[in-house]
Trainee: 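Dropping the structure in here first, questions after.
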There are 2 protein chains.
Amino acid sequence: MPASGAASRQHTLRERNLRLVAAAVFEASAPPSRADVAAATGLTRATVSTLVDRLVAGGLVAELPPVAAQKAGRPAVPLVPAGRSVVGLGLEVNVDYLGVRVLDLVGDVVAERVVSGSLHDSDPREVLGRLRSLAADAIGEVEAGGMRVAGARLALPGLVDARGGRLEVAPNLGWSSLEPVPGLDLRAGDGSALDVEVSNEAKLAALAELAGDVPPSFLYVSGDVGVGAGIVVDRQLFLGERGWNGEIGHVVVDPAGPRCSCGATGCLEQYAGKEVLLRGAGLPVSAPVLSLVDLLRAGDDDALTTVRRGGRALGSALATFVNLVDVSTIVLGGAYTELFGWVGHVVAGVVEERALAAPFAPVDVRPAAAGPHAALTGGAREVLRSVVADPARWV
Amino acid sequence: MPASGAASRQHTLRERNLRLVAAAVFEASAPPSRADVAAATGLTRATVSTLVDRLVAGGLVAELPPVAAQKAGRPAVPLVPAGRSVVGLGLEVNVDYLGVRVLDLVGDVVAERVVSGSLHDSDPREVLGRLRSLAADAIGEVEAGGMRVAGARLALPGLVDARGGRLEVAPNLGWSSLEPVPGLDLRAGDGSALDVEVSNEAKLAALAELAGDVPPSFLYVSGDVGVGAGIVVDRQLFLGERGWNGEIGHVVVDPAGPRCSCGATGCLEQYAGKEVLLRGAGLPVSAPVLSLVDLLRAGDDDALTTVRRGGRALGSALATFVNLVDVSTIVLGGAYTELFGWVGHVVAGVVEERALAAPFAPVDVRPAAAGPHAALTGGAREVLRSVVADPARWV
DNA sequence: GCGTTTTGTTGTACGGCTGAACTATTGCGC
DNA sequence: GCGCAATAGTTCAGCCGTACAACAAAACGC
């Protein structure tokens, strides 16, 4: 006997309105007063007052000193997200580094640990052990500062089941068939187990873009050794059935092309993967992307040819992507961000030519705005988003 | 000052629980009693009683005569969706026919008008006028029977803006840049304007599958002159930014392939479009698909070669689709349903080979279960779904 | 035939929002 | 400098919808 959703009682009203008020405070362009929140939400000032008081008591919202506006009347108390109170953890294991980043509700980085080094064909137990101690260290630091850790998100470069938290395969790490969460076993200071979820790296990196000035729907492409993507529609990740979507790296660009490790021929990765681009420019596959940028700046022919070819292939795969999912903004992340000056217009040109909807709504191609290790930021933000989306659990 | 969602008041509780109770009655496998609904929803029997009474009074739910179970106790009153009470209209204009279908909440067809004939390069005003009179006729019939029309959905074979209801282009009709709803101007018997929304044909046809035994997430591919698709995740259409997704017909299968009307080369439509398949088998493009089936049954070489080639191309495009959106069920509709015996295993083989997730979750390829003119059924169902999703508006 | 069991209804209690009255605190005009 | 208007935030009675418990209805079974 299916029954989607749960029965609504009186306290359901509370939860929903608490969420509404929290959203009004967190999404406002300027710190709103209780009266502003009332106007924005449609609730009465009386109700808003009690709800805001609860959020303040729970440490999610803070009051700034009353500032007299130029208008007459009692000065309003501006409400802002509370900093250094509730924090979220972003974790990541990727091909060339692993790390932890802790964000508070303001969006400030309150702690961070990043360790570089190749993790190609690494031992999951050993690597997760190192990540665990990095995380424990960061948790200790922020809890010493009186903050509460709301949870964590782990980003991995592979197929991750969004519901079960299981990593099916991460080719570039050499990992397969494992459940990272029990191994991590993260705990808060009081010994209680921390809520940890696992996601694909490109998807969390996509969410990091939401911190900046990005439209509500976009496609984020993360160019690394593999090429992954995250689909964001109305500021929410679209995961498909299990979160195994966005595998753009294996879109077949040309069936007559080179063989790919996945078994097919002419996959996008064989044209626009990081290692292919570096090798095509005569660089070692472990070279930093910036060395490729140097060659491009210098006008190196091999580098320019390879990158243009990669850009055309990427554009072709993205046009297909746009035709299949319909988004009108494409954010180029990972290695493509630094290469944007050389691939951006190539990609945009091909997409404009091939996207069926382009004549009616042009597709905007832009570089990613989030800084390095975007998945760490995205993961931490996602934890905090869940806090704001259900404040009742935290007050 | 953004505020997603609206303020929740007491009557919001009512609305939500009313929806919950309606869902429990409509989605139950067997007619539930009030007590069953209470158990399924978590509400008390007292609350369920008042809510059910309201649904019965509003004509959405009907009571069957009490049937004594074999167990002791007062016999339960089985609750079922009310037939011939509130109905939804499905409308469609397609390349070779136009029509109206009226469904009630039970799922019965209570009225239908379908007119065949080529509408290639037709005049929108004239065609919509004909559709309008078909619809008005059907509306008159069901209203004479005492039914209330909740709204209508119009299916068109082209790019339709899901929010604005605007048709950007329908190449095979020769239509472009028009808003069909004002032209239709459908009215109920009392003169009030009927709520009409416009959608893409493949997407509404996809929703028709939900009436049958289909998993909650699947990809529906509609093979006609063009090849379109609908993405259903958790029984809901995924529309992307504006509903311009699923344009699988222009996935490039081979850049060295034949030129397509869209400007690219080697689009799926050039391998698996209905006209290409018919022509490849030596049939006129206006021939019915069944004549192609006859040739295939007879073992005609040209027909078999063409259809197998189309199947491989379709499989390749669908593998890309699956890698980008992640669904593990593919429903072949339109002309592909009749051709399933010849393309099904070809498609399944290619998808199995190319879908990255296939080793972890095999992809099921199956023929569509909804009958002919599936978009009519899907459109009508969609109207009724919105009624059940917000019963408060109808009681 | 009467206890048992299950269904559906009735009445009271309680929680949460509203609306109006009230307090607090400022700017402005004189 | 003082009163008045204006705006922010709080207090309290009223209302609404659900929960809980008691009750009525209608079967089964021994």
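Chain naming here is simple, since letters A, B, ... match the order of the sequence lines and numbering starts at 1 in each.
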Trainee: Mind checking if B:Val77 touches a base, just sugar-phosphate, or nothing, with heavy atoms under 4.0 Å?
Mentor: sugar-phosphate
Trainee: Find which nucleotide of DNA chain D each of B:Leu13 and A:Pro78 is nearest to by heavy atoms, and output the residue with the more 5' nucleotide.
Mentor: A:Pro78
Trainee: Between B:Arg34 and B:Asp53, does any NZ, NE, NH1 or NH2 come within less than 4.0 Å of an OD or OE carboxylate oxygen?
Mentor: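 B:Arg34 and B:Asp53: salt-bridged.
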Trainee: Applying a 4.0 Å non-hydrogen cut-off, can you work out what B:Arg45 is touching in the nucleic acid: base, sugar-phosphate, or nothing?
Mentor: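 Counting heavy atoms under 4.0 Å across all strands, the contact made by B:Arg45 includes a base.
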Trainee: Does B:Asn17 put a side-chain nitrogen or oxygen below 4.0 Å from OP1 or OP2 of D:dT18?
Mentor: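 Checking D:dT18 against B:Asn17, a side-chain N or O does come within under 4.0 Å of OP1 or OP2.
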Trainee: What's the CD-P distance between A:Glu15 and C:dC17, to the nearest Å?
Mentor: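 The answer, rounded to whole Å, is 11 Å.
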Trainee: Any side-chain N or O of B:Arg74 less than 4.0 Å from the OP1 or OP2 oxygen of C:dT4?
Mentor: no
Trainee: For a quick check of understanding: with a heavy-atom distance under 4.0 Å over all strands, which category does B:Thr50 fall into, base, sugar-phosphate or nothing?
Mentor: nothing
Trainee: Return no unless some side-chain N or O of B:Ser49 is found under 4.0 Å from OP1 or OP2 of C:dT9.
Mentor: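 Yes, within the criterion.
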Trainee: Which sits closer to the 5' end of DNA chain C, A:Pro75 or A:Arg54, going by the nucleotide each is nearest to?
Mentor: A:Arg54
Trainee: Atom CZ of B:Arg9 to atom C1' of C:dG15: distance rounded to whole Å?
Mentor: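 Going from B:Arg9 (CZ) to C:dG15 (C1'), I get 17 Å.
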Trainee: Would you indicate what A:Thr47 reaches in the nucleic acid, counting non-hydrogen atoms under 4.0 angstrom: base, sugar-phosphate, or nothing?
Mentor: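 Base: the residue A:Thr47, judged by heavy atoms under 4.0 Å, touches a nucleobase.
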Trainee: Take atom NE2 of A:His11 and atom P of D:dC16, then tell me their distance rounded to the nearest Å.
Mentor: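 Going from A:His11 (NE2) to D:dC16 (P), I get 22 Å.
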Trainee: About how many Å separate CZ of B:Arg153 and CG of B:Asp195, when rounded to the nearest 0.5 Å?
Mentor: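 Going from the CG atom of B:Asp195 to the CZ atom of B:Arg153 covers 8.5 Å.
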Trainee: Ignoring hydrogens and angles, tell me if any N or O in the side chain of B:Arg163 forms a donor-acceptor pair with the backbone of B:Glu241 under 3.5 Å.
Mentor: yes
Trainee: Does a side-chain N or O of A:Ser33 approach OP1 or OP2 of D:dG9 to a distance below 4.0 Å, or not?
Mentor: yes
Trainee: Which is more 5' along DNA chain D, the nucleotide nearest A:Arg34 or the one nearest B:Gln10? Just name the residue.
Mentor: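 Counting from the 5' end, the first nearest nucleotide belongs to A:Arg34.
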Trainee: Between C1' on C:dT18 and CG on A:Leu51, what's the gap in Å once rounded to a whole number?
Mentor: 13 Å
Trainee: Going by heavy atoms closer than 4.0 Å, what residues in residues 386-395 of chain A are next to DNA chain D?
Mentor: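 Here the set is empty: none.
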Trainee: Given D:dA19, C:dT7, C:dA20, which nucleotide is nearest the side-chain atoms of B:Ala35?
Mentor: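 Nearest listed nucleotide: C:dT7.
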Trainee: For the OG atom of B:Ser192 and the CG atom of B:Leu194, what is their distance to the nearest 0.5 Å?
Mentor: 7.0 Å
Trainee: So A:Ala7, base contact, sugar-phosphate only, or nothing? Heavy-atom distance under 4.0 Å.
Mentor: nothing
Trainee: So that I can tick it off, tell me whether B:Glu382 and B:Lys203 are bridged by a salt bridge, with the cut-off set at under 4.0 angstrom between side-chain N and carboxylate O.
Mentor: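 No salt bridge links B:Lys203 with B:Glu382.
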Trainee: Can you check the A:Arg16 CZ to C:dG15 C1' distance for me, whole Å?
Mentor: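 Going from CZ in A:Arg16 over to C1' in C:dG15 covers 17 Å.
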Trainee: With a 4.5 Å cut-off on side-chain heavy atoms, are B:Ile139 and B:Glu143 touching?
Mentor: yes
Trainee: I would like to know whether B:Ser217 and B:Asp234 meet side-chain contact (heavy atoms from CB on, under 4.5 Å); could you show each step before the answer?
Mentor: CA-CA 5 Å; B:Ser217 304; B:Asp234 282 333; 4.1 Å; yes
